[in-house]
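One structure is given here, and the rest of the page talks about it.
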Protein chains: 2
Amino acid sequence: MHSHFDPAKCQTVSEILSRIGDKWSVLIIMKLGSGPSRFSDLKRSVVGISQRMLTLTLRALERDGLVSRTVHPTVPPSVVYELTDLGRSLSKPIEAMGGWVFCNHEKIHEARAEFDSRYAASDENSAELHKP
Amino acid sequence: MHSHFDPAKCQTVSEILSRIGDKWSVLIIMKLGSGPSRFSDLKRSVVGISQRMLTLTLRALERDGLVSRTVHPTVPPSVVYELTDLGRSLSKPIEAMGGWVFCNHEKIHEARAEFDSRYAASDENSAELHKP
DNA sequence: CGGGATCCAACGCGATACTG
DNA sequence: CAGTATCGCGTTGGATCCCG
């Protein structure tokens with residue numbers, strides 16, 4: 001049976017998807033899906049992330065109960081992040097999305113290329129050469 | 001065996017998820033999942049969206065080949081948007097995400113409440129940050 | 001009716017510097 | 001090592017006006 005798209009459910013889905021669907025959350029969840037990581041590990045694995053965004057995203061994920069944060073009071077402090085049960089259960093639909101993207105991203109890029117070439121033909125000489 | 005989270009795949013997934021995971025795309029895809037809609041229909045169904053964001057989001061979805069745009073040259077022009085086959089296939093993993101959210105959003109809100117109350121104790125005026 | 005163009009406010013996010 | 005604090009700019013997105 002198919003679920004209908006009732007408005008209330010949609011908005012909740014949208015809200016959560018906006019949260020976990022941002023650029024960095026998915027990458028972090030995917031990385032943590034293969035095991036716990038320390039802060040520096042994450043920073044190295046998630047290429048291009050700033051320490052600020054890593055901290056903010058981790059706190060958001062922790063706040064949502066998807067990631068746990070464990071501080072080991074060693075002399076150089078080490079903090080280990082790990083998916084909670086909730087976070088691990090989220091990995092499944094994310095993997096489903098991942099599978100879909102893996103199967104269809106070529107079609108998307110083809111569609112984009114076609115769309116762009118069609119659009120560029122009618123607007124090719126309006127490229128902005130000067131900016132205020 | 002199941003897919004590991006290899007970096008290349010993750011970044012592609014992240015990119016697409018960022019695109020379709022934004023606030024409005026999901027709502028529009030969900031709405032179109034129940035059948036074709038005209039521009040005004042969508043504007044009315046997707047509560048809170050501005051005509052600008054509706055236009056921009058629809059064009060992005062069209063560019064990605066997820067939505068088709070059909071113009072009927074009637075005297076009052078009418079434009080009908082509809083999911084493509086690709087868009088319909090995307091509905092499935094989105095529904096999977098939706099199902100997960102539907103089952104777990106209470107846990108998320110509980111986790112947030114607990115996190116906020118714990119955090120508010122040490123910084124009581126940070127509660128104001130979450131208000132519109 | 002559908003949507004492009006423009007102005008402007010808000011904030012997301014990176015870069016940098018400083019703590020414990 | 002694992003953050004926090006501050007600044008600054010680029011992008012996002014709403015409001016408004018106008019056009020086919």
Side-chain angles (χ1 to χ4, degrees), chain A residues 14-15 18-28 31-32 36-63 67-82 115 119-120 122-123 126-128 130-132, chain B residues 14-15 17-28 31-32 36-63 67-82 119 122-123 125-126 128-132:
Chain A
S14 173
E15 181 203 335
S18 295
R19 271 237 46 69
I20 63 100
D22 80 288
K23 188 176 181 182
W24 302 119
S25 294
V26 193
L27 293 177
I28 291 175
K31 168 62 182 173
L32 292 181
S37 283
R38 295 175 51 181
F39 188 86
S40 314
D41 283 340
L42 286 170
K43 194 167 185 327
R44 240 172 289 113
S45 299
V46 183
V47 191
I49 197 172
S50 63
Q51 102 288 38
R52 183 177 181 270
M53 286 319 293
L54 182 54
T55 301
L56 289 178
T57 309
L58 282 172
R59 296 198 69 143
L61 293 173
E62 187 193 357
R63 178 172 180 260
V67 161
S68 70
R69 177 177 179 270
T70 311
V71 181
H72 297 278
T74 59
V75 179
S78 89
V79 181
V80 172
Y81 292 92
E82 188 174 4
F115 185 93
Y119 192 74
S122 63
D123 192 36
S126 77
E128 62 259 55
H130 315 285
K131 286 189 176 181
Chain B
S14 173
E15 181 202 335
L17 249 188
S18 296
R19 272 238 43 71
I20 63 99
D22 79 288
K23 187 176 181 182
W24 302 118
S25 294
V26 193
L27 293 177
I28 291 176
K31 168 62 183 174
L32 292 180
S37 283
R38 295 174 53 181
F39 188 85
S40 313
D41 282 340
L42 286 169
K43 193 167 187 321
R44 240 172 289 111
S45 299
V46 184
V47 192
I49 196 172
S50 63
Q51 108 290 31
R52 185 176 181 270
M53 287 319 294
L54 181 54
T55 301
L56 289 178
T57 308
L58 282 172
R59 296 201 69 144
L61 293 173
E62 186 193 358
R63 178 172 180 261
V67 162
S68 70
R69 177 177 179 271
T70 311
V71 180
H72 296 279
T74 58
V75 179
S78 90
V79 182
V80 173
Y81 293 92
E82 188 174 5
Y119 192 74
S122 63
D123 186 33
N125 62 357
S126 73
E128 300 297 320
L129 294 176
H130 302 297
K131 290 184 179 180

Report task. Could you tell me whether the side chain of Gln51(B) has a donor or acceptor atom within less than 3.5 Å of a complementary atom in the base of dG13(D)? Result -> no

Consider the side chain of [X], meaning its heavy atoms from C-beta on, and name the nucleotide among [options] that approaches it most closely.
X        : options                   : value
Arg59(B) : dC1(D), dC1(C), dG4(C)    : dG4(C)
Arg52(B) : dG14(D), dC13(C), dA2(D)  : dG14(D)
Trp24(B) : dG14(D), dC1(C), dG3(C)   : dG14(D)
Met53(B) : dG14(C), dG20(C), dG14(D) : dG14(D)

Query raised in the report: Looking only at side-chain N and O atoms, does Tyr81(A) come under 4.0 Å of OP1 or OP2 in dC1(D)?
Result: no

Report task. Considering just the side-chain nitrogens and oxygens of Ser50(A), establish if one lies under 4.0 Å of OP1 or OP2 belonging to dG14(C). Result -> yes

[X] and [Y]: which non-hydrogen atoms are nearest, and at how many Å?
X        : Y         : result
Leu42(B) : Ser37(B)  : CG-CB, 3.8 Å
Arg59(A) : Tyr119(B) : NH2-CE1, 3.1 Å
Arg19(A) : Ala60(A)  : NH2-CB, 2.8 Å
Thr57(B) : Ser25(B)  : CG2-OG, 3.4 Å

Interatomic distance, [X] [atom1] vs [N] [atom2] [rounded to whole Å]:
X        : N       : atom1 : atom2 : answer
Leu56(A) : dT4(D)  : CG    : P     : 9 Å
Leu27(B) : dG13(D) : CG    : P     : 13 Å
Lys23(A) : dC13(C) : NZ    : C1'   : 10 Å
Ile49(B) : dG3(C)  : CD1   : P     : 12 Å
Asp22(B) : dG13(D) : CG    : P     : 7 Å
Lys43(B) : dG14(D) : NZ    : P     : 10 Å
Leu58(A) : dT4(D)  : CG    : C1'   : 15 Å
Leu54(B) : dG3(C)  : CG    : C1'   : 10 Å

Requested in this report: Please round to the nearest 0.5 Å and tell me the distance separating atom CD of Glu82(B) and atom OG1 of Thr70(B).
Outcome: 6.5 Å

